[in-house]
Amino acid sequence: MFALIDCNNFYASCERVFNPSLNCKPVVVLSNNDGCVIARSNEAKEVGIPMGAPAFEYQYVFERKNVAVFSANFELYGDMSRRVMTMLSDYSPHQEIYSIDECFLDLSNLLVDLQAYGLNMRKQVFKGTGIPVSVGIAPTKSLAKVASLIAKKFPARTGGSYVIDTDEKRIKALKWLPVDDVWGIGRRNAKKLNAIGVKTAYDFCQLNKTWILNHMTIVGARLQDDLNGIPTLEMEPVELKKSIATTRTFERDYATYQEVEERVSTFAVSCAEKLRTQHSLCNKIEVFIQSNRFKENEEQYSNSVVVKLPFPTSSSIEIVEFALEGLQTIYKKGIGYKRAGVVLMDFDKDTEYQQSLFFNSHPKHARLMEAIDFINNKTGAKVRLAIQDKRTHKMRQEKLSPCYTTKMKDIITVHLK
DNA sequence: TCTGGGGTCCTAGGACCC
DNA sequence: TCTGGGGTCCTAGGACCC
């Protein structure tokens, strides 16, 4: 048996933990630059605010319905997530953290009343962190997902935990669930399925395997088996990341190369820092830039390039150099740029990698980066490259809550030649 | 005026090998 | 007239997730 534990309205719930007066009131959390709604309390859903709603279009709803609006505080949410996950890890020797607000637990060979076990998890997590969760328990991962949706949808009847442990319950659940809401069936496949009359998860489970293979590849076929109770999706150990990205929409359009260059440099450094925390080196760097797609009367341009490195590295200095090399090949003058990003790919371990015969990462950089990371993480000071943007405040975050559980760091700039 | 960010996996087709 | 067969590896793009 698998359990899937999903935090309810996670970001909104995090804000509520430290501000209980928001209980029973509509709460929304906005994306970077206070752009879109990315989390909603149940009350906010009820007043008709959709996921992804642009904040400026819904300003009047926020005011009229007295909605509490927050800028995204990812430092707070990340810390709360760690606390929830740590508590849940006590309930199984095997945990897969699937996202910031969800995890699977392997409950095989557990001789307990599973319904009571789920209810206890829920109770303890709420007591320890203040975060409400829904628990779904079933013989496969995708069915555990279905069970968690039932737990979330019917809190009064289920107590927030639901177990699918008989074929009757499985079929009843699948007949209840619209196929569009099945984990692994996205918009494209839902459209195809609706077109041939498949409405529910149950209908999907009855489909001919050949049709599924032809239209949804092996991914769809595995999902069908899993929903039919044949465990096909396994627990996956969360290992090292296979790609690391830092991408941002800018608070306005950038007209000069220098502005874009500063941001791309900062993104590259941010990626390099994340890369070093998992002790990897990268072999490829993708850089992309995009114009403002909402300004339909202006020239549109978007492009990307993958730079193959002559040697694997995690040096911020080298990664910035190669990223800017890439940027120069795709930058086009006369465009107002609204978004850019850097993605690192193709990793090696920093202890085992292929050296180049002719070029290698600067031998002193590894120690330099170690020193910089130490200063930045442990001392409260901030060392950065001179080419990075100098601002300490680069996003619009007008409604940011305090980092209640983590310290705010002083920022001191040391320019590095 | 204003519209998010960060991941994973699979596949088709091209380049290459003998 | 007539032009093989069987592989591997890589990559860009698409689908999905939260």
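Within every chain, numbering begins at 1; the chains are lettered A, B, ... in the order of the sequence lines, protein sequences first and strands thereafter.
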Within 6.0 angstrom of A:Lys349 NZ, more than 12 heavy atoms from elsewhere:
no

Name the residue closer to the 5' end of DNA chain B, choosing between A:Val219 and A:Phe74 according to the nucleotide with the nearest heavy atom.
A:Phe74

Can you pull the side-chain hydrogen bond (donor to acceptor under 3.5 Å, both in side chains) pairs that have at least one residue in residues 144-161 of chain A, sequence neighbours excluded?
A:Glu102-A:Lys145

Does the side chain of A:Ser243 get closer than 4.0 angstrom to OP1 or OP2 of B:dG6 through an N or O atom?
no

Counting heavy atoms from C-beta on, name the nucleotide in C:dC16, B:dC2, B:dG5 closest to the side chain of A:Phe56.
B:dC2

So, is A:Lys284 close to the C:dT11 phosphate, meaning a side-chain N or O under 4.0 Å from OP1 or OP2?
yes

Counting only side-chain nitrogens and oxygens, does A:Thr246 get under 4.0 Å of the OP1 or OP2 atom of B:dG5?
no

Integer-rounded Å distance: B:dT8 P and A:Glu234 CD
19 Å

So A:Val342, base contact, sugar-phosphate only, or nothing? Heavy-atom distance under 4.0 Å.
nothing

Within less than 4.0 Å of OP1 or OP2 of B:dC10, is there a side-chain N or O belonging to A:Arg222?
yes

What nucleotide among B:dC2, C:dC16, B:dC10 has an atom nearest to a side-chain atom of A:Asn189?
C:dC16

Ignoring hydrogens and angles, state whether a donor on the side chain of A:Asp6 or A:Ser134 is under 3.5 Å from an acceptor on the partner side chain.
no

Per atom distances to the A:Lys242 side chain, the nearest of B:dC9, B:dC10, B:dG4 is B:dC9

Take the protein atom CD1 of A:Ile185 and the nucleotide atom P of B:dC9, then report the distance between them rounded to whole Å.
19 Å

Nearest-neighbour nucleotide for the A:Lys241 side chain, B:dC2, B:dT8, B:dG4 considered
B:dT8

Nearest whole angstrom, please: distance from the C1' of C:dC17 to the CE of A:Met51.
12 Å

So which nucleotide from C:dC18, B:dC9, B:dG4 ends up closest to the side chain of A:Glu236?
B:dC9

Decide if atom CZ of A:Arg188 counts as having more than 12 heavy atoms of other residues, nucleotides or ligands within a radius under 6.0 Å.
no

May I ask whether A:Phe294 stacks on the base of B:dC2, given the cut-offs of 5.5 Å between ring centres and 30° between planes?
no

In this structure, are over 12 heavy atoms from other groups packed under 6.0 Å from A:Lys169 atom NZ?
yes

Looking across every strand, which nucleic acid part, if any, lies under 4.0 Å from A:Glu102 by heavy atom: base, sugar-phosphate, or nothing?
sugar-phosphate

Ignoring backbone atoms, test whether A:Arg339 places a side-chain nitrogen or oxygen under 4.0 Å from the OP1 or OP2 oxygen of B:dG6.
no

Could you check how far CE of A:Met345 sits from P of B:dG6, rounded to whole Å?
15 Å

To the side chain of A:Trp183, which of C:dC18, B:dC9, B:dG5 is closest?
C:dC18

Side chain of A:Ala245 only, please: which of B:dC2, B:dC10, B:dG7 is the nearest?
B:dG7

Which value, in whole Å, describes the distance between the P atoms of nucleotides B:dT3 and C:dC18?
25 Å

Taking NZ from A:Lys191 and P from C:dG14, how many angstroms apart are they, rounded to a whole number?
15 Å

A:Asp79 side chain to A:Thr405 side chain, donor-acceptor N/O pair below 3.5 angstrom
yes

Return no unless some side-chain N or O of A:Thr217 is found under 4.0 Å from OP1 or OP2 of B:dC10.
no

Kindly say if A:Lys338 contacts the phosphate of B:dT3, meaning a side-chain N or O under 4.0 Å from OP1 or OP2.
yes

Please state how far atom CG in A:Asn303 lies from atom C1' in C:dA12, giving the value in whole angstrom units.
13 Å

Whole angstrom value for the distance that separates P of B:dG4 from CD of A:Gln290:
10 Å

Considering only side-chain heavy atoms of A:Lys145, which listed nucleotide, C:dC16, B:dC10, C:dC18, is closest?
C:dC18

Distance-only donor-acceptor check, side chains A:Ser13 and A:Asn8, under 3.5 Å:
no

Using a cut-off of 4.0 Å on non-hydrogen atoms, how would the nucleic acid contact of A:Ile100 be classed: base, sugar-phosphate, or nothing?
nothing

With a non-hydrogen cut-off below 4.0 angstrom, is A:Arg252 in contact with a base, only sugar-phosphate, or nothing?
nothing

Identify which nucleotide among B:dG5, B:dT3, C:dC16 has an atom closest to any side-chain atom of A:Thr247, counting heavy atoms from C-beta outward.
B:dG5

Is there a side-chain polar atom (N or O) of A:Lys274 under 4.0 Å from OP1 or OP2 of B:dG5?
no

Whole-Å gap separating C1' (B:dG6) and OH (A:Tyr98):
13 Å

Of the options B:dT8, C:dC18, B:dG4, whose atoms approach the side-chain atoms of A:Asp101 most closely?
C:dC18

